[in-house]
2 protein chains.
Amino acid sequence: MKSTEEKILKAATKMFSEYGYNGVSTKKIATAAGVNEVTIFRHYTNKSNLLQAVIKHYSFEGNIIEKVKSDLTGDVERDLEIFAEDYYMFLVNNIKMYKIQMREITDEAKRFTNSVEYVEFMRDYLQKKVDINEFTGDPSIISKGIISMIMGIFTFNTYAPDVFDGVPNRRLICEYVDKIVKLYVVKKRTLKC
Amino acid sequence: MKSTEEKILKAATKMFSEYGYNGVSTKKIATAAGVNEVTIFRHYTNKSNLLQAVIKHYSFEGNIIEKVKSDLTGDVERDLEIFAEDYYMFLVNNIKMYKIQMREITDEAKRFTNSVEYVEFMRDYLQKKVDINEFTGDPSIISKGIISMIMGIFTFNTYAPDVFDGVPNRRLICEYVDKIVKLYVVKKRTLKC
DNA sequence: TATAATTGCAAGCAAGTACTTACATACAAT
DNA sequence: ATTGTATGTAAGTACTTGCTTGCAATTATA
């Protein structure tokens with residue numbers, strides 16, 4: 001059984017992501033959550049505070065660095081795929097928060113902080129592989145390129161899937177990772193796509 | 001001297017892109033435009049209609065297909081750079097509309113229609129180059145990859161520039177185009193970045 | 001069983017919103 | 001000089017919104 005706070009938080013996340021902060025009323029959020037409007041104010045004081053709670057709740061939920069750390073194998077080629085896949089799944093799983101961040105967070109420094117950490121972590125990983133001569137690309141550029149590509153694919157897929165005309169996201173991601181492998185990984189294996 | 005309608009349209013574009021449709025009042029748009037609120041209703045009937053006018057006005061302004069057609073040289077390597085540069089500049093020049101599209105257009109089919117046309121045009125261009133053996137990549141995948149990469153770079157740069165940590169957008173774009181040239185262009189020239 | 005905490009309900013308030021109406025003013029075309 | 005057109009001003013209407021208050025009902029705890 002879900003607690004009242006959870007119900008409110010879940011409904012708020014859904015409504016904010018669909019209609020935007022100013023596009024939905026506390027009354028509607030309450031209805032969606034199946035609680036009385038007053039209950040929202042009792043728990044979160046005011047509407048703005050509720051949005052902050054939604055954002056805060058998300059940052060604990062989606063710890064992508066821990067996830068990728070536990071997935072990595074040590075093999076550069078495989079790990080590049082994992083970096084791409086994990087980041088893509090992170091966006092897919094947090095699509096509501098992605099939309100909220102796009103719309104409501106006005107402070108740049110607080111937006112996509114997960115992505116900032118992720119790209120730094122990937123850069124450091126690749127640098128180590130460069131040091132032991134397993135990888136020849138520029139870690140800073142490659143890591144930023146990978147998450148940019150995935151963000152772009154995800155953005156189009158979310159807002160204008162027509163652009164891809166049926167070509168699946170993973171195919172595009174795989175093709176891109178393949179290019180990097182071909183050009184910069186020392187011991188290449190077979191191509192995946 | 002700008003006409004009243006232009007002043008309103010410009011102010012509305014700015015306000016909608018910054019604060020969202022529901023985040024700004026007609027009163028505020030009027031003040032920003034330096035006209036009386038009533039004048040807005042006389043020209044655009046209602047607020048929703050004003051948003052439509054903003055979107056419509058933009059679709060005439062940013063004809064990216066005509067632009068790239070006149071820029072293309074026939075040389076694959078150079079033209080790939082042009083496709084990338086023109087699309088990037090298109091996004092930069094229309095950043096306000098980009099934000100409005102993200103926030104306010106709920107009908108997917110009407111979002112990023114320019115990009116849909118652009119990617120089709122690029123795909124057809126590349127297919128011709130494949131037919132005459134100047135290019136060996138998959139036109140459908142490569143064209144979608146290019147605009148995805150640029151969209152991703154632009155998205156991060158707009159919403160979370162921290163991700164790039166000072167690395168310029170054009171550098172990332174150039175690196176990506178270089179990869180495609182290296183792998184798929186038959187007669188390669190020198191590298192650009 | 002008694003007590004405390006959580007929630008629902010009804011009413012309301014102050015402010016803001018989109019939009020309207022009526023009238024006055026400025027200016028350009030005839 | 002007159003007329004039509006575009007704009008400003010002032011006032012107001014009907015509605016929504018965020019938020020509060022008081023009280024009753026329910027549930028959990030002791």
Side-chain angles (χ1 to χ4, degrees), chain A residues 1-58 96-97 99-107 110, chain B residues 1-58 96-97 99-107 110:
Chain A
M1 186 58 183
K2 258 186 299 182
S3 79
T4 305
E5 291 206 342
E6 280 174 81
K7 284 195 292 183
I8 295 171
L9 223 48
K10 193 181 171 190
T13 306
K14 177 176 155 62
M15 303 297 268
F16 284 153
S17 75
E18 276 182 42
Y19 309 108
Y21 181 80
N22 290 305
V24 68
S25 63
T26 49
K27 177 81 193 148
K28 278 183 185 155
I29 294 172
T31 306
V35 303
N36 193 282
E37 190 186 3
V38 195
T39 307
I40 288 183
F41 290 105
R42 282 199 266 247
H43 281 275
Y44 297 98
T45 313
N46 55 45
K47 192 184 177 187
S48 160
N49 203 37
L50 175 58
L51 173 63
Q52 296 309 316
V54 165
I55 294 168
K56 195 169 184 182
H57 178 259
Y58 150 85
K96 286 175 190 161
M97 273 317 297
K99 288 189 179 183
I100 291 175
Q101 296 208 29
M102 292 288 210
R103 282 172 128 137
E104 317 302 349
I105 303 186
T106 46
D107 183 355
K110 290 188 178 168
Chain B
M1 187 59 184
K2 258 187 297 184
S3 81
T4 305
E5 290 206 342
E6 279 175 81
K7 283 195 292 182
I8 295 171
L9 224 50
K10 193 179 171 190
T13 306
K14 176 174 155 62
M15 303 297 268
F16 284 153
S17 75
E18 276 182 40
Y19 308 109
Y21 180 80
N22 291 305
V24 68
S25 63
T26 49
K27 178 80 193 151
K28 277 183 187 155
I29 294 173
T31 307
V35 303
N36 193 282
E37 191 185 3
V38 193
T39 307
I40 289 183
F41 291 103
R42 282 199 267 247
H43 280 277
Y44 297 98
T45 314
N46 55 46
K47 192 185 176 185
S48 160
N49 202 37
L50 174 59
L51 174 62
Q52 296 309 315
V54 165
I55 294 169
K56 194 169 185 182
H57 178 259
Y58 149 85
K96 285 176 192 162
M97 273 315 300
K99 288 190 179 183
I100 291 175
Q101 296 208 30
M102 292 288 211
R103 280 172 131 138
E104 316 302 347
I105 302 186
T106 45
D107 183 356
K110 291 188 179 168

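Numbered from 1 within each chain, the chains take letters A, B, ... in sequence-line order. Note that these values count all heavy atoms, side chains included, but never hydrogens, waters or copies made by symmetry.
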What is the 5' to 3' range of DNA chain C, first to last nucleotide, that sits under 4.0 Å from any heavy atom of chain B?
dT17(C) to dT21(C)
So which heavy atom on [X] is nearest to which on [Y], and how close?
X       : Y      : value
Y44(A)  : A53(A) : CE2-CB, 3.7 Å
Q101(A) : Y58(A) : NE2-CE2, 3.3 Å
N22(A)  : K47(A) : CA-NZ, 4.3 Å
K28(A)  : V24(A) : CB-CG2, 3.9 Å
K7(B)   : G34(B) : NZ-O, 4.4 Å

Rounded to the Å, how far apart are N36(A) CG and dG18(D) C1'?
14 Å
Nearest whole Å is fine: how far is dA6(D) C1' from K7(B) NZ?
12 Å
Enumerate the residues from residues 14-32 of chain A whose closest heavy atom to DNA chain C is under 4.0 Å, giving them by residue number; use none for an empty result.
none
Please round to the nearest 0.5 Å and tell me the distance separating atom CD1 of I105(A) and atom OH of Y21(A).
13.0 Å
How many angstroms lie between atom OG1 of T26(A) and atom CZ of F41(A), to the nearest 0.5 angstrom?
4.0 Å
Please determine if E6(A) and K10(A) form a salt bridge, counting it only when a charged side-chain N lies under 4.0 Å from a carboxylate O.
no
So, is T39(B) near the phosphate of dA6(D), with a side-chain N or O under 4.0 Å from OP1 or OP2?
no
So which of residues 40-50 of chain B are in contact with DNA chain D, with a heavy-atom cut-off of under 4.0 Å?
R42(B), H43(B)
Apply side chain to side chain contact (heavy atoms under 4.5 Å, CB included) to the pair R103(B) and M102(A), showing each step before the final yes or no.
CA-CA 8 Å; R103(B) 280 172 131 138; M102(A) 292 288 210; over 6 Å; no
Heavy atoms only, 4.0 Å cut-off, all strands: where does V35(B) land among base, sugar-phosphate and nothing?
sugar-phosphate
Please name the residue in the list V35(B), I40(B), N36(B) that meets the side-chain contact (heavy atoms from CB on, under 4.5 Å) test with T4(B).
V35(B)
